[in-house]
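Before any comments, here is the structure.
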2 protein chains.
Amino acid sequence: MQQYLPYLRQSLLFERIDDEGLVKTLNCLNAQIIACEKGKVILHQGDEPRHFGVVLCGSVNVVASDSYGNHSVMWSITQGDLFGETYVSAGVDSFPASFVAAQDSMVLILEYARVITGCRNNGCLAHSYLVTNLIRSIGKKNLTLTQKLEFVTQRTTRDKLMAYLRAQQKQAKSHRFVIPYDRQTLADYLGVERSAMSAELSRMKRDGLIHYRKNEFEILLP
Amino acid sequence: MQQYLPYLRQSLLFERIDDEGLVKTLNCLNAQIIACEKGKVILHQGDEPRHFGVVLCGSVNVVASDSYGNHSVMWSITQGDLFGETYVSAGVDSFPASFVAAQDSMVLILEYARVITGCRNNGCLAHSYLVTNLIRSIGKKNLTLTQKLEFVTQRTTRDKLMAYLRAQQKQAKSHRFVIPYDRQTLADYLGVERSAMSAELSRMKRDGLIHYRKNEFEILLP
DNA sequence: CCTCCCATGTTGGAAATACAACATCTTTAT
DNA sequence: ATAAAGATGTTGTATTTCCAACATGGGAGG
């Protein structure tokens, strides 16, 4: 387990836990580290959710298959992020999607019940941090989803963009800020068409609402 | 505390906890029950999130105020549901909105840190159920948000409606099913205009996709 | 320097949606 | 039963978005 520490440190799940405590706790929980080739199914659609995972390196796709056998990638999980934790924590009957390695990857698999039950040792600080961190991850995902919903439920493309840009500006705490998405990704995120979005950005610049150059933006009107 | 048991039972947060254990745990946690008049601010925007609440009866609005003093109701929390738990669990600096009684209501206020830390008594089963239930509530909200996002990111109104109706049908496990929203609420939920949605529903019926009568729906084509 | 490639921007016509105004149907109260 | 109020459905028009096709522009590599 020791050798994986640099990877484990990528995740918020292990914040505030020292190396020694982390190794001890992961052993105590019988955590499994799995190296998987691209395409390997890590957690299976239909199975009862008992485990969740952490992407140590590489990435994992969430893939839903319908009854006709059509597969579709719903979203993608990157280094440091959790997967499956929503379904185990919510106590659903079965995974509504599979988790599939999108490239050669390394993941950590944890048994949910053992994580949240905690150990019998009162002094196990590492374990209680782990529980707190897990809850915080789930709570943060919640905030992320809520925020995205605020953007995509805006009626017009212009409103969606302004809502998104304002949130970015607020986060950057600066007048100027750089957005982390290219145009195509941003369009997907906001649920609009790329070229139409580009056109709208141009009009917003023309109308003196915003200024931008590549991914550096500035909001001119408050 | 005893006298509030029927109200407390409204919430999933106390599932699987017997009356005796619940009363004992709530006392142990120094839980506060507050009867509040309509308009009373229960948790304040800007404050550091330390507590979260459960609506025992009545309802609570989430109200955001901008720097100009404009207020807007972002959403509403009804009997049995939690509020503020997302922000405490995610560990944000300050509440981005206030929680205001929408009518004369009764709420239970819990201190987050004490809830998740657990007691020192190993045998306190009630408390560990409470933690599990809290996480499950947060996880379930996560699922709800994800699902809504799947609906509203569909391109056309027809696609949004079909996605929503299919999900309802799946949940009802029956060919026929009743939706819990009136047209205006459904339109708001899906982020479209009411009359345009009504019109689209009519066209979908005309095209033989669905059949409906008031709130009772049926999907004709799979 | 040049070419190729990919991200971004632009444009015009087709399609979908919002909006307003009104019609019809339900429910509630008197 | 009737009136009044509220929810739902319908229609026509003005906007907005989508879509496809093409223009531009800025690296990366030869």
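Note: hydrogens, waters and symmetry copies are ignored here, and every other heavy atom, side chains too, is used. Quick note on labels: first sequence line is chain A, next is B, and so on, each numbered from 1.
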Helix axis bend for the helix from C/dC1-D/dG30 to C/dT30-D/dA1 - C1'-based end axes, five pairs, 10° rounding: 40°
To the nearest Å, how far apart are A/Arg213 CZ and C/dG9 C1'? 14 Å
Among residues at least two apart in sequence or on other chains, which ones pass side chain to side chain donor-acceptor pair (under 3.5 Å) with B/Gln169? none
Taking atom P of C/dA7 as reference, at what distance in whole Å does atom CG of A/Asp188 sit? 12 Å
If the plane angle is over 60° it's perpendicular, under 30° parallel, otherwise tilted; pick one for A/Phe52 and A/Tyr112. perpendicular
Rounded to the Å, how far apart are B/Lys160 NZ and C/dA16 C1'? 11 Å
Pairs where residues 83-100 of chain A contributes a residue and the test side-chain hydrogen bond (donor to acceptor under 3.5 Å, both in side chains) is met, not counting sequence neighbours: A/Glu85-A/Lys141
Whole-Å distance separating the CG atom of A/Leu161 from the P atom of C/dT8: 13 Å
At under 4.0 Å between heavy atoms, how does the protein contact nucleotides 10-25 of chain D? Give one character per nucleotide, 5' to 3', with B, S or -. BB-----SSBB-----
Taking atom P of D/dG9 as reference, at what distance in whole Å does atom NE2 of B/His211 sit? 12 Å
By side chain to side chain donor-acceptor pair (under 3.5 Å), which residues pair with B/Lys148, not counting sequence neighbours? none
Quick one: list whatever passes side chain to side chain donor-acceptor pair (under 3.5 Å) with B/Ser76, sequence neighbours left out. B/Asn61
Please set out all donor-acceptor pairs under 3.5 angstrom arising from side-chain atoms of residues 185-193 of chain A, sequence neighbours excluded.
unit_1: A/Thr185; atom_1: OG1; unit_2: A/Asp182; atom_2: OD1; d: 2.6
unit_1: A/Asp188; atom_1: OD1; unit_2: A/Gln184; atom_2: NE2; d: 3.2
unit_1: A/Glu193; atom_1: OE1; unit_2: A/Ser195; atom_2: N; d: 3.0
unit_1: A/Glu193; atom_1: OE1; unit_2: A/Ser195; atom_2: OG; d: 2.7
unit_1: A/Glu193; atom_1: OE1; unit_2: A/Ala196; atom_2: N; d: 3.0

Given atom NZ of A/Lys214 and atom P of C/dT8, what is their separation to the nearest angstrom? 8 Å
Of all residues at least two apart in sequence or in a different chain, which pass the side chain to side chain donor-acceptor pair (under 3.5 Å) check with A/Asp18? none
In whole angstrom, what separates B/Leu186's CG from D/dA7's C1'? 14 Å
Of all of residues 176-185 of chain A, which get a heavy atom below 4.0 angstrom from DNA chain C, listed by number? A/Asp182, A/Arg183, A/Gln184
Closest approach of B/Leu108 and B/Leu8, non-hydrogen atoms and distance? CD2-CD2, 4.0 Å
Could you tell me which residues satisfy side-chain contact (heavy atoms from CB on, under 4.5 Å) with B/Asp207, sequence neighbours excluded, listed by chain and number? B/Arg158
Partners meeting side-chain contact (heavy atoms from CB on, under 4.5 Å) with A/Thr144 (sequence neighbours left out): none
Starting from P on C/dT10, measure out to CE on A/Met204 and report it in whole angstrom. 14 Å
Could you tell me which residues satisfy side-chain contact (heavy atoms from CB on, under 4.5 Å) with B/Lys38, sequence neighbours excluded, listed by chain and number? B/Asp104
